[in-house]
Amino acid sequence: MKKLAFIGALAGAGLIAGMASAATLDDVKAKGFVQCGVSQGLPGFSNQNDAGEWSGIDVAVCRAVAAAIFGDAQATRFTPLSAKERFTALSSGEIDILSRNTTWTMTRDTQLGLNFAGTNYYDGQGMMVPKALGVTSALELSGAAICTNTGTTTELNITDFFRANNMDFSLIAIENSDEVVRAYDSGRCDVFTTDRSGLAAERLKLTAPDDHMVLPEIISKEPLGPVVRQGDDQWFNIVRWSFFAMINAEELGVSSENVDEMKSSDNPNIQRLVGVDGNFGTEMGLTNDWAYNIIKHVGNYGEVYEATVGPNTPLKLERGVNALWSKGGLQYAPPIR
Amino acid sequence: MADATADGAQQARSSLASMVYDPKARGLFFQIVVFGLLLIGLYLIVNNTIENLELLNKKSGFGFLSQTTGFAIFDSLGTWAVDYTPGESTYWDVFLVGAINTIWVAAFSIVLATVWGFVLGVMRLSKNVILRWFSTVYIEVLRNIPLLLQIFFWIAVLTGIAPGKRDDPMSLFDIFYFDSSGIRGPYPIGESGAGVFYASILIAFVIAWAIGKWAHKRQDATGQQFPSFWVGLGVIILLPAVVFFVMGQPIELEWPDRGRFGFRPGLGSFIEVSFVALWLSLSLYSATFIAEIVRAGILSVSHGQTEGAQALGLSAGVTLNKVIIPQAMRVIIPPLTSQYLNIIKNSSLAAAIGFPDVVATFSGTALNQVGQEIEMIFMMMMVYLFFSITTAIFMNWYNARKRLVER
């Protein structure tokens, strides 16, 4: 078996041979930009507008890291990746951060040589059905045909759910996500399942979005977050704390609009956040105004959420579990001190 | 003595010198050098990969193949053949499911593409203007549109024209049903004695084949013809039918059943719509290339052969079947082999519309769960190499049989 593995290794040799060196921060500083892996177009998370500019809650993480390093949120370049390609692109060094609505699971964390730097969106897998079906609960779906994407955790979750409830179903897994929507729209399957945020986004592509509803069941935990390569703790810290800075900023009431005034705040927590007090930035290999730059150029977590996926966007996603811990949600960042 | 030593030295020198100028020895030397460089190159690549994989803290090896899987695959020939059950089947089973489905769709496509391709090729040379133009336009349109788009076209057409999954299906004699999810029909469940019935089908085919062989021999020897096709067909229908009733009708039919969401999964026979779409698009697309190969083959047979056959009073059909096509086959078979290999490889586009072939299941779903892309992509390449080489070997054997025998 070992011998076979060696021969097998040949196939991917060219791929892995270009692996980046350990000090990602130095590489990024030398390049002058952060190379970020994103989706091929998921509204609200990472999507390109007509002018070719990327935006979304996942894109904001990349912009925050760029702002922390360069003081310039635009010092980013984006690589659109399919669900299948994403981990290979990261481990081969093609990208510096993978911020592509990626679920944090134990296999991925422990077996793929990756580290998850946080959870920027707490999601869960849901199911969408045509209203005409008259179904009100996923437990009524025995015998249904279900469409989903290949290369994700959704296939596993939906199988678990139906097996656990002793229900028959047939699962149609399609690689191209637009083709999944089309298959559901054309009636090849009765149910469309993916993360609930994804359902909200893909629903907009249906011919009659209002004729479809998302069922109340959430059948899995899908903590989505940015990913980096294992073995570079400095880079891991920078990505993780760039994200934490956005949450801390929201908690402390520091936003892109008032961050300049907050520089003269008496609150020691805010002083440390915006870099007036302490040298948290330089200890990480950055400048002390790292968090100030993030808040100034990207905004705090709440601002980003409202602008990308919140109730006033086409996705209309309530804060729910993504509210701050102090407001009954799960978003919680360790203190800066 | 001194002379002899000098002579020996000269001889040694001249043999070394002659080695340098000997093209055989020189060739061997460079072969060894190139082979050595190749080995060093391979060693560097393998070594580098292993080191880098260790640096990345990634698992390696083929141990994952015996792990059980947790995801479902919809009913298809592969899941039926390996009795795939999520939670019990392993990743190796997933590999087999995918491989069987790949063979299934490729084999069906090769058959339809060959038949349709021959028809088109002959049509293109027809004296009938309508047939000729139809064939020309068909070939020029279909072979110039990318296959992936044709696959999307067919799935859109099939799901569009068929009734929705939950509406009343179209039916054929109340035996077969069509809707936008696919084709359904009865599934035979064997009771005791079914084995004898299945064996009788096989035996009937063997008998029909033997009759054909005997008739051919007799015609060669005596010139007498024998309606071997109709007799063979009769045997194939009658023998199993007789055995079926003698054994007391040992086959029970399981019929598809409808529930709230249309047909319920797991009852009756089922062919998913993606198979039909893939099969049609692969066949109709590849047939255009086969038609051109057939046309080239027929044109390669000198017109004198046709005139000779006409002079003997053979009908147009016999002339084509017995005189032109057999000679054209010698030109047709080698490029036809390439087309078959293309069909096998093109079937990997199945993932785009959700047909569970080996690429969609193993390097799609399974790869995402396991994450060992090097091993899994390697297996993927090997399975296509295996299918292609098997096909090529068979076609080469067939080609050798059909070759012009020189006497």
Side-chain angles (χ1 to χ4, degrees), chain A residues 1-2 4-17 19 83-84 87-88 91 107-108 111-113 132-133 135 140-145 147 150-153 155-156 158-160 162-163 168-176 179-180 182-183 186-191 229-231, chain B residues 42 45-46 48-50 52-53 55-63 70-75 86-87 152 155-156 159-160 164-167 180-181 259-266 270 272-274 351-354 356 360-361 363-365 367-371 373-375 377-379 381:
Chain A
M1 276 315 197
K2 191 106 196 196
L4 270 176
F6 285 5
I7 302 167
L10 287 177
L15 214 72
I16 309 291
M19 205 189 101
K84 253 164 84 172
F87 299 122
T88 315
S91 51
T107 313
R108 287 172 177 176
Q111 294 178 19
L112 299 186
L133 266 180
V135 172
E140 298 169 37
L141 290 177
S142 185
C147 279
T150 46
T152 66
T153 47
E155 290 153 290
L156 209 62
I158 196 83
T159 310
D160 284 350
F162 275 78
R163 280 176 62 207
D168 283 337
F169 74 116
S170 92
L171 179 65
I172 298 162
I174 301 174
E175 186 169 84
N176 181 313
E179 187 55 28
V180 182
R182 219 201 51 72
S186 73
R188 188 175 155 198
C189 36
D190 311 295
V191 183
R229 280 182 294 276
Q230 239 174 41
Chain B
L42 282 180
I45 290 173
V46 173
N48 196 13
T49 307
I50 292 169
N52 278 327
L53 280 180
L55 274 175
L56 287 169
N57 301 315
K58 284 188 70 160
K59 274 203 318 186
S60 61
F62 285 85
F71 55 87
I73 303 174
F74 69 69
D75 295 336
F152 283 137
I155 190 100
T159 52
K165 194 172 163 292
R166 296 176 298 273
D167 302 332
S180 61
S181 68
R260 187 175 187 180
F261 301 100
F263 288 109
R264 284 165 48 198
F270 175 47
E272 223 268 341
V273 65
S274 55
I353 54 168
T361 53
S363 79
T365 308
L367 173 56
N368 186 62
Q369 308 296 343
V370 178
E373 56 278 272
I374 292 179
E375 290 88 345
I377 300 292
F378 173 72
M379 284 178 72
M381 298 197 306

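Sequence lines set the chain letters: A, B, ... in the order given, protein chains first and strands last, and positions in each chain run from 1. The figures here come from the full heavy-atom set of this structure, side chains too, leaving out hydrogens, waters and symmetry mates.
The part of B:Phe152 that comes within reach of chain A is its side chain, from C-beta onward, which places non-hydrogen atoms under 4.5 angstrom from that chain. For A:Val191, no part lies near chain B; criterion is any non-hydrogen pair under 4.5 Å. Neither the backbone nor the side chain of A:Phe162 comes within less than 4.5 Å of any heavy atom of chain B. The contact between B:Ala351 and chain A is made by backbone and side chain atoms together, counting heavy-atom distances below 4.5 Å. Looking at A:Ser186, the atoms closer than 4.5 Å to chain B (heavy atoms on both sides) sit in the backbone and in the side chain alike. Using a 4.5 Å cut-off between heavy atoms, A:Ile158 makes no contact with chain B at all. No part of A:Ala183 comes within reach of chain B, as not one of its non-hydrogen atoms sits under 4.5 angstrom from that chain. Looking at B:Thr361, there are no atoms closer than 4.5 Å to chain A (heavy atoms on both sides), in backbone or side chain. For chain B, the nearby parts of A:Arg188 are the backbone and the side chain; heavy atoms of each come within less than 4.5 Å.
Atom SG of A:Cys147 and atom CD of A:Glu179 lie 9.0 Å apart (nearest 0.5 Å). Between the OG atom in A:Ser91 and the CG atom in A:Leu112 there is a gap of 8.0 Å [rounded to 0.5 Å]. A distance of 9.5 Å separates CZ in B:Phe71 from CG in A:Leu171, rounded to the nearest 0.5 Å. In this structure, B:Ser181 OG and B:Phe74 CZ are separated by 10.0 Å, a value rounded to the nearest 0.5 Å. Separation of atoms CZ (B:Phe261) and CG (A:Asp168) is listed at 11.5 Å; rounding is to 0.5 Å.
At least one donor-acceptor pair under 3.5 Å links the side chain of A:Asp190 to the backbone N or O of A:Ala145.
Considering all non-hydrogen atoms of both residues, A:Val135 and A:Glu140 come closest at CA-OE1, 3.7 Å.
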